[in-house]
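Numbers restart at 1 for each chain; the letters A, B, ... are given by sequence-line order, proteins then strands.
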Amino acid sequence: QSALTQPASVSGSPGQSITMSCTGTGSDIGRYNYVSWHQQHPGKAPKLMIYDVANRPSGVSARFSGSKSGNTASLTISGLQAEDEGDYYCISYTGSDTWVFGGGTKLTVL
Amino acid sequence: QVQLVESGGGVVQPGRSLRLSCAASGFSFWNYGMHWVRQAPGKGLEWVAVIGYSGRNKQHADSVKGRFTISRDESKNTLFLQMDSLRADDTAVYFCARDFTGHYTFDFSGQGTLVTVSS
């Protein structure tokens, strides 16, 4: 199973909005509405930010939103804050109890 | 609160074995599926294995299938990963993670344990 494709890096200034993409295939993102996004700060455990394409767990800021179109999922962060800086990974279910991850996007808040 | 604490990592020679443990607390361990996820140095996350809440259903990534085995002990609230025939490209931080039931992802992870495969 090939990894999902994410841009290596994105950046934005405080207060701005950014969107990062996650591209898969018709066997993963295109087939299942089970895309999640995880934030990771250096040396830390991943943190779930979005699940089922567009749902936020309790405690996650409403500035984070997710969407999907075809084989591509997107994560949008509005009102960028310094604490948003970190690595973001998309994950998709691929059926038969298997998952595929994206390579990660490094978000820099300028 | 949910706590997952991994242990068992270290330096091991290629071809040897290692068993990782993940001690769970703060939730009903027997009610949740569990995952192992790994991250090679400077690289992205990679899904490794999953086990259902009953322990009967297991699945492993193709990259580790036949070499790694996930298991659990309900009496000890502990998840395991038996790693055999280790290779240099298995070098990574290994995280255990709680399955987010019904949503096909994981919602909590531990801090990880480092496995280094080197001669």
Chain A heavy atoms under 4.5 Å from B:Lys43: which part of the residue, side chain, backbone, both or neither? backbone
Heavy-atom pairs under 4.5 Å with chain B are the metric here; pick the option from A:Gly102, A:Ser96, A:Pro46, A:Gly43 that has the most. A:Pro46
Does CZ belonging to B:Phe27 count more than 12 external heavy atoms closer than 6.0 Å? yes
What part of A:Gln40 gets closer than 4.5 Å to chain B, counting heavy atoms only: side chain, backbone, both or neither? side chain
Do A:Ile29 and A:Ile50 sit in one hydrophobic cluster, given that two such residues count as connected whenever their side-chain heavy atoms are within less than 4.5 Å of each other, even indirectly? yes
When the 4.5 angstrom heavy-atom criterion is applied to B:Val93 and chain A, the contacting part is neither
Please tell me whether A:Met49 and A:Val10 are part of a single hydrophobic cluster in this structure, the criterion being side-chain heavy atoms less than 4.5 Å apart. yes
In this structure, which one of B:His60, B:Lys58, B:Gln59 forms a side chain to side chain contact (heavy atoms under 4.5 Å, CB included) with A:Asp97? B:Gln59
Looking only at heavy atoms and a cut-off of under 4.5 Å, which of B:Phe108, B:Phe100, B:Phe95 has the most pairs with chain A? B:Phe100
Is there a continuous path of hydrophobic side-chain contacts, each under 4.5 Å between heavy atoms, that joins A:Val35 to A:Leu75? yes
For atom CZ of B:Arg16, decide whether the heavy atoms of other residues, nucleotides or ligands shown that lie under 6.0 angstrom number more than 12. no
Using a cut-off of 6.0 Å, state whether more than 12 heavy atoms not belonging to A:Arg31 lie near its atom CZ. no
Is there a path from B:Trp30 to B:Leu4 through hydrophobic residues (I, L, V, M, F, W, Y) whose side chains come within less than 4.5 Å of each other? no
Out of B:Thr105, B:Leu45, B:Asp107, which one racks up the most heavy-atom pairs below 4.5 Å with chain A? B:Leu45
From B:Ser109 atom OG to A:Lys44 atom NZ, the distance as rounded to the nearest 0.5 Å: 13.5 Å
Indicate if B:Phe106 and A:Tyr51 have the same hydrophobic cluster label, given that clusters are the connected sets of ILVMFWY residues with side-chain heavy-atom separations under 4.5 angstrom. no
Decide if the gap between the ring center of B:Tyr104 and the ring center of A:Tyr32 is smaller than 6.0 angstrom. no
CA sep, side-chain torsions, deciding dist, call: B:Glu46, A:Tyr89, side chain to side chain donor-acceptor pair (under 3.5 Å): CA-CA 10 Å; B:Glu46 178 189 11; A:Tyr89 294 91; over 6 Å; no
Please work out whether the ring planes of B:Trp47 and A:Trp99 are parallel, tilted or perpendicular, with thresholds of 30° and 60°. tilted
Largest heavy-atom contact set with chain A, pairs under 4.5 Å, which of B:Gly44, B:Gly33, B:Gly52, B:Ala97: B:Gly44
Roughly how far, to the nearest 0.5 Å, is the NZ atom of B:Lys65 from the OG1 atom of A:Thr98? 8.0 Å
